[in-house]
Amino acid sequence: MTDTPGPLEYLRRWPIRAWLAVVILYLYAPLVTLMAFSFNASKRNIVWRGFTLDWYRAAFADQDLIVAFGNSLTIALISTVVSVVLGALTALLLWRFRFPAKALLEGALGLPIVVPEICMGVAMLVFFTEVIPWPTSLAWPLNLGAIIISHISFSFSFVAIVIRGCLASFNRELEEAAKDLGAGEWRIFWDVLVPHMQPGLIAGALLAFTLSLDDFVITFFTSGPDTTTFPVKVYSMVRFSVTPEVNAASTILIVLTVALTAFALKISGGTVVAVEAGEGL
Amino acid sequence: MPDGRPEPSRPASSRPTSSRRSLLAGLGAAAAGISLGAAGLQGCARREKIGANGEEQKLNLYNWDTYTGKTTLADFKAATGVSVRMSLFASNDELFAKLRAGNPGFDVIVPSNEYVTRLRIAGLIQPLDLAKIPNRANMMPRFRNPPFDPGRRYSMPYTWLVLGIGYRKSKMDGVPDSWKWVMDSDRYAGRIGVFSEADDMIELGAKYLGYSVRHIPPAVIDQVADMYIRQKPYIKIFHHDEGQDLLLSGDIDIVMEYNGDIAQVMAEDPDLDFVVPREGSLLNSDCLCIPTGAPRPDNAHRFINFVLDGRNGAEIYETIKYPTPNAAALALMPADYRDNPVIFPPANVMARCEYADFEGLDRAHLFDETVTRIFAA
Amino acid sequence: MDESWRKAKAVFATLSAPPVIWLVVFFLAPLAIIWGYSFGNNKSLTEIAVDGTFANYVHAIKPLYMGIIFKSFWFALITTALCLVVGFPVAIAITFASQRSKAWLLLLIMLPFWTNLLIRTYALMAVLRTEGYINLTLAFFYNGLSRLTALTGHPLAMFQPLELLHNNFAVVFGLVYVQLPFMVLPLYAALDRLDRSLLEASLDLGAGHLTTFARVVIPLAVPGIISGVLVTLIPSVGAYLTPDLLGGPSSQMIANVIERQFKTANDWPFGAALSFLLMYMTFLAIAVQTILSRGRRGRREA
């Protein structure tokens with residue numbers, strides 16, 4: 001085994017390595033600063049004055065922040081589940097059937113990706129006050145309904161694209177073989193199609209979860225005082241002066257995201273990453 | 001044989017069902033865990049008890065950031081048993097956009113003077129029950145009958161502010177006491193910060209050119225626009241009310257900002273100072289209002305009354321360092337607040353400052369288009 | 001390969017009903033309301049009367065606003081080009097990495113995408129500021145150099161920090177920062193499907209690496225490149241937070257103008273018209289891309 005790189009082992013050549021290192025530095029330096037400054041003993045986030053855990057204490061003690069965080073997680077969870085279901089149905093529909101107005105449906109599904117978020121946010125605001133008034137005094141989590149519905153509306157297109165990519169590689173002969181062996185539609189779906197779609201389902205779920213957790217513009221317009229989410233709360237905190245409490249909260253969120261991703265990777269054995277990459281997402 | 005070829009991956013459809021089940025189980029467990037955790041947290045925020053006035057012991061306050069005292073909300077809870085949840089907004093138009101389609105549940109809001117007028121015209125705030133606010137007697141006389149809310153039927157004053165120039169003493173040639181240094185001169189090129197609010201920019205521009213901030217003739221608006229376009233190469237940033245942070249961090253040395261904001265950073269850096277230009281400036285007043293459809297109007301009135309009390313007010317102004325319209329609070333403040341020329345500019349300066357007025361939607365659109373033109377140039 | 005819907009009507013109904021109903025009720029309906037607003041005008045501070053007027057669109061096509069839209073497209077194009085140049089070697093590196101490293105590298109590239117955009121943008125400001133990381137590092141080296149030259153009696157002039165924030169550079173920097181993962185992943189997907197033997201054949205026949213790339217890899221990766229370009233270009237045009245926080249006096253983009261219409265100017269019909277105008281132009285871009293790609297496929301099959 002020689003040590004000179006093979007002709008296609010580009011990663012082992014130093015120019016590529018250097019480039020990769022610079023890009024990774026570029027992507028991560030701001031995040032590292034962010035996390036480092038969450039330990040900064042200064043109210044204004046500008047110069048380093050000393051190490052402290054005060055901001056983490058403040059973040060955990062900030063009741064409003066925790067409630068907003070809880071809201072964000074709940075919304076993301078419900079939105080993810082429904083988006084994955086709707087996305088899977090859509091993907092199956094488009095993959096399997098030929099029907100009139102199919103192109104129209106595909107076009108309509110592309111809309112959530114193209115519409116400016118602020119337009120969508122205002123549209124949802126108007127819809128939930130004029131067309132279907134959503135009372136904000138409902139018990140939790142029903143009062144989050146307007147936000148959840150808005151999130152589902154813009155995520156399930158993305159999920160459909162991901163799952164569709166996964167379905168494209170499915171060999172229909174397997175389906176036919178199952179039918180020949182006497183399996184009904186539901187059995188075929190659950191025991192043949194779903195396992196094949198699994199990486200797509202997980203990748204789609206991850207995507208929907210992140211889109212929901214991170215969304216700001218649309219949530220801003222549909223949320224109220226009792227239904228604040230984490231990004232909206234952070235935006236209002238960060239507008240005037242970024243106190244390191246926000247940094248601390250963000251660091252917690254980043255760590256949580258990394259943990260979740262690691263968990264998803266572990267259960268799916270790495271194909272999730274490949275699928276998401278494969279769909280260009 | 002080059003070994004750069006990657007191994008083929010196992011086809012997903014041959015994955016054993018046991019891993020699918022464990023996957024579902026794992027996800028289900030995670031989901032349940034997070035949900036329960038969130039539910040537990042929410043439990044703290046669920047329905048509050050009903051108070052003696054028949055309303056839930058809760059209050060939703062919609063306020064600017066860092067605009068209450070350190071213990072104000074806790075003190076209110078101790079005094080009345082009502083717990084306050086404060087949501088933040090960053091600008092008046094954000095507040096308006098939120099309320100425009102219907103009140104999502106706020107009890108007390110804190111708009112600025114011009115927006116009190118807008119909200120009133122649009123029917124989005126309700127008249128106050130003055131009998132429930134006896135502490136309004138603490139108001140300074142000149143706030144009892146402001147042009148934007150005659151008789152104070154819809155609002156109570158919370159703070160007042162004046163726009164001016166914050167600057168770093170060591171980088172200036174003398175005291176920059178004219179808007180010229182911000183709007184019409186290249187002396188401090190690349191070190192200037194300007195407020196990006198359309199109304200403020202144009203009204204102050206008109207003030208610099210010698211006109212009143214009200215009923216500005218269209219020709220003057222064009223003049224102001226051309227002036228800003230000429231000045232743009234020297235302006236470093238059009239900020240959104242974080243001008244004082246930029247001044248403190250040294251990104252800019254001269255900035256159009258509110259006196260209260262500058263007073264806050266002056267406490268951290270003695271090299272900073274503030275001046276109201278001699279051409280005059282804009283007066284603002286942030287007020288407490290009750291939006292239409294507030295779920296707990298009685299609590300809202302109690303909160304407003306609480307804030308107007310002398311001691312509670314003093315606690316607030318001690319923290320936020322904005323000028324107070326509350327005579328009783330002022331009497332309780334330390335001398336370095338009362339005699340601070342930044343927080344309370346001298347009378348001759350104040351005489352040249354005026355409130356702006358809401359002059360109709362068309363005017364607002366004209367201002368916005370002018371500013372879009374300035375930014376695009 | 002796909003069957004007609006008539007063959008399995010029950011399944012078709014089950015599959016199509018939920019998504020279609022959701023799409024219509026909770027997406028198209030709200031959007032239609034705003035579309036209606038774009039043909040209305042402000043009756044009062046809070047009411048809008050939809051009366052089929054085109055005045056808002058006429059107003060939106062004025063040179064002032066079209067100029068801003070084109071400027072936004074221009075920024076987006078620069079961003080996309082930069083992402084392509086920066087991201088291509090990264091995609092190559094990942095494609096040809098070992099199986100284990102692949103997953104880690106992909107994760108590494110995608111992780112920033114999962115953090116909150118607002119936080120990331122504020123973090124970028126800390127890097128680019130007058131006393132941010134970049135300037136501090138440069139100052140360190142510059143002062144070190146200055147100390148050396150001082151020994152020879154000619155010290156250098158005072159270090160002038162670079163103006164990296166609150167200008168167009170910062171906006172493009174920020175946009176590239178946000179959009180890079182969106183470019184790398186489609187590129188990787190396309191490159192990963194390449195037949196390696198073609199590359200090896202080209203190298204065996206004596207072509208150098210660069211020639212192989214220019215003549216073999218890039219033409220084969222074109223669909224991935226186009227997909228990456230689209231996925232980077234469209235969100236960049238509609239970017240709002242990045243130009244708002246990082247931009248300077250001349251960095252206003254169309255999303256900022258639209259946002260002002262819905263908030264400060266309180267002119268929802270006009271904001272709606274601008275949004276839809278932007279959408280129409282985006283559709284046009286996608287349509288052009290589809291036609292071009294179909295043309296190419298047709299030519300290749302011919």
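In what follows, chains are A, B, ... by sequence order, proteins preceding strands, each numbered from 1.
A:Trp19 places a side-chain N or O within donor-acceptor distance of the main-chain N or O of C:Val86, the cut-off being under 3.5 Å. Between the side chain of A:Tyr28 and the main chain of C:Leu108, a donor-acceptor pair closer than 3.5 Å is present.
At a 4.5 Å heavy-atom cutoff, the contact between A:Phe99 and chain C is made by backbone and side-chain atoms alike. Contact of A:Leu125 with chain C is made through the side chain alone, with heavy-atom distances under 4.5 Å. Heavy atoms of C:Phe262 lying under 4.5 Å from chain A belong exclusively to its side chain. Contact of A:Ile24 with chain C is made through the side chain alone, with heavy-atom distances under 4.5 Å. In this structure, chain C has heavy atoms under 4.5 Å from both the backbone and the side chain of A:Pro112. With a threshold of 4.5 angstrom between heavy atoms, C:Ile109 approaches chain A through its backbone and through its side chain. Neither the backbone nor the side chain of C:Trp35 comes within contact range of chain A; no heavy atom of the residue lies under 4.5 Å from a heavy atom of that chain. Only the side chain of C:Leu180 comes within contact range of chain A, with at least one heavy atom under 4.5 Å from a heavy atom of that chain.
Taking CG from A:Leu86 and CH2 from C:Trp22, the interatomic distance works out to 6.5 Å, rounded to the nearest 0.5 Å. To the nearest 0.5 Å, the span separating CG on C:Leu23 from OG on A:Ser153 amounts to 8.0 Å. Atoms CZ and CZ, on C:Phe27 and A:Phe127 in that order, are 12.5 Å from each other to the nearest 0.5 Å.
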With ring pair (Phe, Tyr, Trp, His ring centres under 6.0 Å) as the criterion, how do C:Phe173 and A:Tyr26 come out once you've worked through the C-alpha distance, each side chain's angles and the decisive distance to 0.1 Å? CA-CA 10 Å; C:Phe173 193 90; A:Tyr26 169 60; 5.0 Å; yes
